[in-house]
Amino acid sequence: MTRSADQTQAGRGRVERPNAATYKEAGDTLRAGGLVAFPTETVYGLGTDATNDEAVAAIFEAKGRPRFNPLIVHVRDADAAARLVVFDDRAQALAKRFWPGPLSLVLRRATDCPISLLCSAGLETLAIRVPDHPVGQALLRTASRPIAAPSANPAGAISPTRAEHVADSLGDNVDLILDGGPCPVGIESTVLDISGETAILLRPGGIPVEALSKVIGPIAPAEAGTPHASPGMLASHYAPRLPLRLEADSVRADEALLAFGPSPVAGAAHTENLSRRGDVKEAAAKLFAALRRLDQPNLTGIAVMPIPETGLGAAINDRLRRAAAPRDQKDRPQPGTYLLDKIESIVGSKGLITDAEAMAPHLNELRGRFQGHAQCIVRPASTAEVAEVVRLCAEADTAIVPQGGNTGLVAGGIPFEDGRAVVLNLGRMNKIRALDAANDTITVEAGCILHDVQQAAAAADHLFPVSLGAEGSCQIGGNISTNAGGIQVLRYGNMREQVLGLEVVLPDGRVWDGLRALRKDNTGYDLKQLFIGAEGTLGVITAAVLRLHPRPRERASAFAAVRDLNAAVDLLGRMRSAVGDAVTSFELFPRLGIDLALAHVPGIQDPLAERHDWYVLVEITGGGGGDLQEALEITLTTALEDGLVPDATIAASQAQTDSFWRLREIMVDAQKSVGGSIKHDIAVPVSAVPAFIARASAAVSALIPGIRPVPFGHLGDGNIHFNLTHPEGADKAAYLARWEEVNRVVHDIVTEFSGSISAEHGIGRMKVEENRRYKSAVEIELMRTVKVALDPKGIMNPGKIVPR
Ligand code: TXA
Ligand code: MG
């Protein structure tokens with residue numbers, strides 16, 4: 001092939017009207033081994049010189065097409081065909097009747113056939129057709145050689161019936177696109193195999209099979225066992241991104257409708273009618289363009305009205321069934337050759353994981369509730385590499401799932417089971433770019449481990465205050481994307497409060513450098529806020545400027561029993577009025593939590609001598625100068641005298657403080673060790689926590705008598721992990737099967753308190769439907785609007801947060 005490296009991308013993908021000059025250029029390009037997209041009466045083809053091996057290979061590459069899929073060779077007339085294949089009487093008869101036209105004949109290759117063996121993909125046969133489109137015909141004349149041409153779309157996607165379809169999906173991979181307007185037939189050629197005794201219909205298409213059998217007699221359907229005899233038979237093919245629902249007799253407001261006939265069902269978000277008058281020929285011509293228009297990222301699916309099987313209806317229904325087929329990984333086109341090679345050329349072999357075993361840790365989440373599939377795990381080493389990979393995926397319409405330390409609890413970083421996505425793991429981007437002690441800021445890359453950032457801050461005598469259970473392995477990019485909370489939110493706020501600036505790779509591959517280190521900046525919309533907590537659905541965060549705080553000089557902590565939950569809230573108020581914002585953590589424990597910890601975790605001691613229903617862990621930190629220990633003591637003593645606090649112990653050493661925190665950390669594991677736990681990550685106003693816990697506990701006990709609530713967590717900021725252990729002796733699996741039923745009861749009560757159903761873990765995959773249920777239609781609509789504005793192709797972590 002003569003296409004050279006210095007032929008820049010800029011000139012590629014040009015769309016030109018056919019005229020003498022562009023025909024000449026197209027012919028020259030083809031003869032030189034380039035790729036020219038051109039219209040036929042069926043669909044646009046991606047053409048090249050069929051006798052040039054390298055040129056044909058370039059087609060497979062451009063389409064990301066599995067190598068086993070042979071190509072149709074286009075010739076000017078039956079005589080030209082007869083020079084390439086064994087052209088028997090049946091072929092003659094069919095050619096006479098249907099050529100030029102939408103019929104491809106599969107025949108045995110002639111002994112001296114000059115056509116590249118790649119076109120046959122290892123078969124003895126070759127598919128030949130004579131297109132009936134003036135542009136296709138003219139091009140065959142100027143090229144003066146057979147043109148190999150599959151439909152000009154990425155493998156597995158919808159075929160193109162307009163020049164702009166080609167430009168949109170394959171643009172950069174094509175040297176020239178000849179624009180001949182919309183394709184009149186609109187559906188691909190019928191592929192008929194007459195290489196053997198029995199004629200076999202490999203693909204229904206532009207000529208109805210009934211018409212063919214009138215000329216050559218009976219035609220057999222393709223055998224199920226020979227899937228690659230015509231790889232157009234891949235079960236999942238011609239697929240838009242949205243799922244299809246066939247034979248629909250009604251439609252939801254968040255679905256698109258592919259209608260047929262005079263009375264389309266009402267209520268769709270967007271309707272395309274293939275033929276008002278119920279004409280399958282008209283419908284075929286409009287099919288692919290209509291599917292493209294309906295395939296919008298803000299909708300949940302495409303409902304398809306029934307279409308008759310007669311005439312071209314058979315071909316239409318064939319395409320629709322394939323588009324609706326489950327997108328099982330093995331049926332998907334194997335992008336290996338194209339996309340993965342290109343990704344590897346960007347990130348190198350170190351940056352690409354395709355081995356199943358090495359991919360596994362990136363595809364499963366911590367709790368084992370979700371197991372995804374992906375084409376590969378990409379681990380770029382720089383923002384530029386991230387940008388290039390994203391641009392490539394955007395061009396190939398490939399979903400990207402950004403991933404940090406994969407410690408999330410709602411499967412936001414886990415791809416779906418269809419295996420179409422690419423996981424973009426930021427772990428190699430783990431440099432601390434700068435620390436500005438005078439400005440109290442640190443600039444870090446997204447893959448930095450949270451603990452390492454805390455350490456870097458400490459080394460400069462500063463504090464990075466976000467602290468949570470997974471800090472030894474979670475990454476800053478993930479912390480920002482989920483707006484992580486943790487145990488010091490009361491004092492320092494969430495991750496959002498720490499972020500001053502961001503660097504983000506947008507869904508089209510552009511880089512937004514918003515790495516500003518300012519506390520004041522009122523220059524318009526605060527765009528960084530959009531990406532914080534967006535769980536990678538709007539872009540890939542690659543770096544951030546974070547706030548640092550003075551490192552506390554003093555620390556005092558106590559473990560106190562409280563009379564009841566109201567007393568706990570009361571104590572929090574007293575602490576804050578005594579020492580102000582020095583109250584850093586205020587964590588709640590129920591007695592059952594302590595009991596479970598004592599029974600199941602070795603080395604744990606009950607901090608207090610007697611049993612009480614509720615406890616709090618209070619931690620006060622400060623800049624030195626004040627005697628925090630004393631303030632803590634005085635406040636607790638008064639609370640004791642007033643009957644709020646029956647007993648308390650103040651840590652006398654760091655070891656004792658650590659033992660309090662250890663108890664807090666093992667609350668989760670302690671529950672795991674007794675069996676099934678149904679979990680909630682809720683927030684209500686701090687003042688409402690006692691009423692919420694009382695009501696929700698009563699409600700779940702009414703639903704499942706004997707259920708054991710273990711509400712614990714961040715009382716200081718109103719975020720309670722309302723976890724429910726199964727009744728003693730109950731069957732764990734049967735209990736866990738009631739997860740959603742229990743969620744419903746608890747979340748309904750949360751909503752009555754104007755609370756949040758996900759206070760610090762996010763929405764991910766797990767709570768998408770739950771979120772849709774509890775947020776107003778207006779709020780979901782606004783979220784969709786933002787999503788579509790930033791990610792119009794819907795490739796950035798699709799299906800997470802915003803319902804599809
Ligand atoms: O209408 C059409 O046929 C369009 C225009 C551009 O000609 N082309 C088209 O090509 O749809 P493509 O590659 O997207 O689909 C051709 C189908 C594939 O399913 C392929 O497997 C099958 O024809 N095919 C090609 N050569 C074959 C062969 N030798 N034996 C069996 N099947 C073959
Ligand atoms: Mg095709």
Side-chain angles (χ1 to χ4, degrees), residues 35-48 50 56 59-60 62-75 84-86 98-109 113 115-133 135-137 139-140 146-161 165-166 170 178 180 183-196 199-207 222-223 226-235 237-238 284-285 287-288 312 315 318-319 322 333:
L35 306 189
V36 176
F38 64 97
T40 77
E41 70 280 22
T42 57
V43 298
Y44 275 72
L46 177 62
T48 198
V56 175
I59 289 212
F60 287 106
K63 277 188 61 109
R65 182 169 182 149
R67 284 289 162 113
F68 50 68
N69 196 344
L71 299 179
I72 297 172
V73 171
H74 300 67
V75 292
L84 306 177
V85 287
V86 181
F98 297 108
W99 278 357
L103 172 66
S104 297
L105 294 177
V106 173
L107 289 156
R108 299 182 68 77
R109 290 172 71 102
C113 176
I115 301 295
S116 164
L117 285 169
L118 278 176
C119 290
S120 296
L123 305 173
E124 310 270 281
T125 56
L126 196 62
I128 299 274
R129 109 176 178 82
V130 177
D132 181 26
H133 190 288
V135 176
Q137 278 289 339
L139 186 63
L140 282 165
I147 299 177
S151 52
N153 53 288
I158 310 173
S159 293
T161 52
H165 296 162
V166 183
L170 289 178
L178 288 178
C183 301
V185 175
I187 202 149
E188 299 88 342
S189 63
T190 302
V191 182
L192 184 72
D193 184 348
I194 46 171
S195 63
I200 302 167
L201 178 70
L202 294 182
R203 176 176 79 179
I207 296 194
E223 261 176 65
T226 56
H228 300 313
S230 179
M233 292 168 61
L234 283 174
H237 207 67
Y238 309 102
L287 177 67
F288 292 132
L312 291 190
D318 169 78
R319 305 301 187 272
R322 292 180 203 283

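Every number for a ligand or one of its atoms is a count from 1 in the order of the listing. Index from 1, following the sequence.
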query = Are any of the N or O atoms of K63 closer than 3.5 Å to those of ligand 1?
reply = no
request  = Could you list which atoms of ligand 1 come closer than 4.0 Å to a heavy atom of V43?
outcome  = 4 (C)
task = Below 4.0 angstrom from a heavy atom of H74, which ligand 1 atoms are there? Numbered from 1 as shown, please.
result = 5 (C), 6 (C), 7 (O)
query = Of all the atoms in ligand 1, which lie at a distance below 4.0 Å from a heavy atom belonging to P70?
reply = 20 (C), 21 (O), 24 (N), 25 (C), 26 (N), 27 (C), 28 (C), 33 (C)
inquiry  = Just to be sure I read this right, does ligand 1 sit under 4.0 Å from the backbone of L202, its side chain, both, or neither, counting only heavy atoms?
reply    = side chain
CG on L201 to CG on L192, rounded to 0.5 Å = 6.5 Å
note = Partner of T42 under side-chain hydrogen bond (donor to acceptor under 3.5 Å, both in side chains), picked from H133, R129, E188, is R129
query = How far apart are the closest heavy atoms of A148 and A50, and which atoms are they?
reply = N-CB, 3.6 Å
key: Nitrogen or oxygen atoms of E188 and ligand 1 under 3.5 Å apart   = no
ask   = Considering all heavy atoms of both residues, which atom of S151 and which atom of P160 are nearest to each other, and what is their separation?
value = CB-CD, 4.2 Å
ask   = In terms of atom number and element, which parts of ligand 1 are under 4.0 angstrom from non-hydrogen atoms of V191?
value = 23 (O)
key: Proximal ligand 1 atoms for G45, defined as those under 4.0 Å from one of its heavy atoms   = 6 (C)
remark   = The side chain to side chain donor-acceptor pair (under 3.5 Å) partners of S104 (sequence neighbours excluded) come to S189
task = Return the minimal non-hydrogen interatomic distance between D132 and G101, and the atom names on each side.
result = CB-N, 3.7 Å
note = Within the 4.0 Å heavy-atom cut-off, what T42 brings close to ligand 1 is side chain
query = Taking all non-hydrogen atoms of both residues, which atom of Y44 and which atom of C183 are closest, and how far apart?
reply = CD1-SG, 3.5 Å
message = Below 3.5 Å, N or O to N or O, backbone or side chain included: is there any such pair between T40 and ligand 1?
response = no
key: Test of proximity, Y44 against ligand 1: N or O pairs below 3.5 Å   = no
message = If the cut-off is 4.0 Å to any non-hydrogen atom of T125, which atoms of ligand 1 fall inside it?
response = 28 (C), 29 (N), 30 (N)
note = For V106 and A127, the nearest pair of non-hydrogen atoms, with its separation, is CG2-CB, 3.9 Å
